[in-house]
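Written below as structure tokens is the structure these notes are about.
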Amino acid sequence: MPELPEVQTVVNSLRPTLLGRTIVAVGLARRDIVEPADIDLPALILGRSVRDIHRRGKRIVFTLDTAQRFYIHLGMSGRLTVGPESEAVGPHTHLQIRFENGAVLRFRDARRFGGVWWLGSAPDDDDTMGPEPLDLRPAELARRLARTRRAIKSALLDQSLIAGLGNIYVDESLFAAGIHPLTRADRLTRQQSVKLMRAIKATLRRALNHRGSTLRDYRDANGEAGNFQKLHRVYGRESEPCCKCKAPITRIVIGGRSTHFCPACQPRGKRKRG
DNA sequence: GTCCATGTTCTTTA
DNA sequence: CTAAAGAACATGGA
């Protein structure tokens with residue numbers, strides 16, 4: 001479910017009800033969603049209040065009044081909701097946190113690729129996490145892309161190169177920039193990297209304005225769906241006509257991930273040999 | 001039964 | 001040695 005726009009939308013919808021609130025009960029149904037495995041998460045957060053909630057990459061970072069932090073990653077199928085205690089608890093609800101105002105934060109995740117990571121006083125990221133795309137300057141993107149020979153599609157999915165993009169927004173951004181997804185990252189021209197940086201920012205901002213993409217079951221913390229999926233130009237649109245040129249959208253697999261693009265609007269540049 | 005899925009990490013290969 | 005490709009993880013829906 002979650003890439004930068006969806007994760008940010010969840011954060012935005014959590015803040016009004018949870019900021020400043022005190023944790024009065026914690027129910028951890030599955031201990032194996034917590035890392036590191038040997039900590040007692042309920043004991044660490046019970047009685048604490050929430051000083052801040054923010055996003056870093058695809059992480060939802062909670063800062064407590066003690067300045068200690070933990071983050072929730074939604075993985076592929078994770079959902080984070082707030083609601084009254086009386087609300088029905090859905091399947092695969094692994095963690096519930098009740099606050100003094102009666103709100104209950106619930107974390108559900110059928111596939112369990114997501115989870116909770118206790119940071120303590122460690123920073124909200126580490127040296128393996130790439131920069132935030134919305135703050136990134138084109139020259140820095142170009143510098144980072146120049147270090148790898150992989151396909152641009154795979155490079156943009158690498159969270160250590162740039163943080164927050166996933167399969168949807170990489171495909172949409174490459175379409176917006178007119179770049180073929182198999183183009184080698186280190187072969188982008190200066191103009192292409194500038195165009196790509198602009199395309200990434202514009203795509204993310206538009207997606208944020210539409211509160212993310214709901215494909216299957218993504219919802220914000222209040223259960224509201226996003227709308228950006230209606231504006232996808234290539235993702236999930238295999239064999240439909242391109243919105244610009246009417247050529248059929250093509251789907252290929254790159255690095256094990258479905259990749260959607262318009263072969264006419266995103267021509268493959270000249271390759272060595274072939 | 002088959003294939004596919006908004007992600008990350010560990011293992012294998014080149 | 002390192003970079004990159006591939007497999008694995010767990011579950012559900014079409």
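All chains are named by letter (A, B, ...) in the order of the sequence lines, taking the proteins before the strands, and each is independently numbered beginning at 1.
At whole-Å resolution of the value, CD in A/E35 and P in C/dC9 are 16 Å apart. When the P atom of B/dG7 is taken as reference, atom CE of A/M129 falls 14 Å away, rounded to whole Å. Regarding A/H94, its NE2 atom lies at a distance of 12 Å from the P atom of C/dA10, rounded to whole Å. Rounded to an integer number of Å, the gap from CD1 of A/I254 to P of B/dA5 is 13 Å. For A/D186 and C/dA3, the CG to C1' distance is 12 Å, given to the nearest whole Å. Look at CG on A/L74: it is 11 Å from C1' on B/dG7, rounded to the nearest Å. When rounded to the nearest whole Å, the span between CD1 of A/I252 and P of C/dA5 equals 13 Å. Atom CG in A/D32 sits about 9 Å away from atom P in C/dA10, given to the nearest Å.
The residue A/G166 sits close only to the backbone: its heavy atoms come under 4.0 Å of sugar-phosphate atoms, none of a base. If you check every strand for non-hydrogen atoms under 4.0 Å, A/S258 touches sugar and phosphate atoms only. Within 4.0 Å (heavy atoms only), A/R251 reaches sugar-phosphate atoms of the nucleic acid but no base atom. Note on A/Y235: only backbone sugar-phosphate atoms sit closer than 4.0 angstrom, heavy atoms only; bases stay farther off. Across all strands shown, A/R216 has heavy atoms under 4.0 Å from base atoms, whether or not it also approaches the sugar-phosphate.
Side-chain contact annotation: A/R251 with A/S258, donor-acceptor N/O pair under 3.5 Å present. Counting only N and O atoms by type, the side chains of A/Y169 and A/E6 include a donor and acceptor under 3.5 Å apart. Using modelled atom types, one finds a donor on one side chain and an acceptor on the other under 3.5 Å when comparing A/D65 with A/S49. No hydrogens or angles considered: a donor-acceptor pair under 3.5 Å links the side chains of A/H232 and A/S213. When only modelled atom types and interatomic distance are considered, A/D109 and A/H94 share no side-chain donor-acceptor pair under 3.5 Å.
The side chain of A/R150 sits closest to C/dA5 out of C/dA5, B/dA5, C/dT11. Distance from the side chain of A/R149 is smallest to C/dA4 among C/dT11, B/dG7, C/dA4. Taking every side-chain heavy atom of A/T148 into account, C/dA4 is the closest of B/dG7, B/dC4, C/dA4.
Environment of CZ in A/R198: sparse, with no more than 12 heavy atoms of neighbouring residues, nucleotides or ligands closer than 6.0 Å. Applying the 6.0 Å contact sphere to CZ of A/R147 captures more than 12 heavy atoms from other residues, nucleotides or ligands.
An OP1 or OP2 oxygen of B/dA5 is reached within less than 4.0 angstrom by no side-chain nitrogen or oxygen of A/R111. Residue A/H92 places at least one side-chain N or O closer than 4.0 Å to OP1 or OP2 of C/dG12.
Rounded to the nearest Å, the gap between the P atom of B/dT9 and that of C/dC1 is 23 Å. Look at the P atom in both C/dA10 and B/dT11: the space between them is 14 Å, to the nearest Å.
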In 5'-to-3' order, the base (B), backbone-only (S) or no-contact (-) status of each nucleotide in nucleotides 8-14 of chain B, using a 4.0 angstrom heavy-atom cut-off, is B------
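The side-chain contact (heavy atoms from CB on, under 4.5 Å) test with A/F62 is passed by exactly one of A/L105, A/L119, A/V116, A/D124: A/L105.
Between the side chain of A/N101 and the backbone N or O of A/T17, at least one donor-acceptor pair lies under 3.5 Å.
Residues A/R233 and A/C243 have side chains in contact (heavy-atom distance under 4.5 Å, counting atoms from C-beta outward).
Pairs of Watson-Crick or G-U wobble type, with distances under 3.5 Å, assemble into runs of 3 or more in DNA chain C at these ranges: B:2-5 with C:11-14, B:7-14 with C:2-9.
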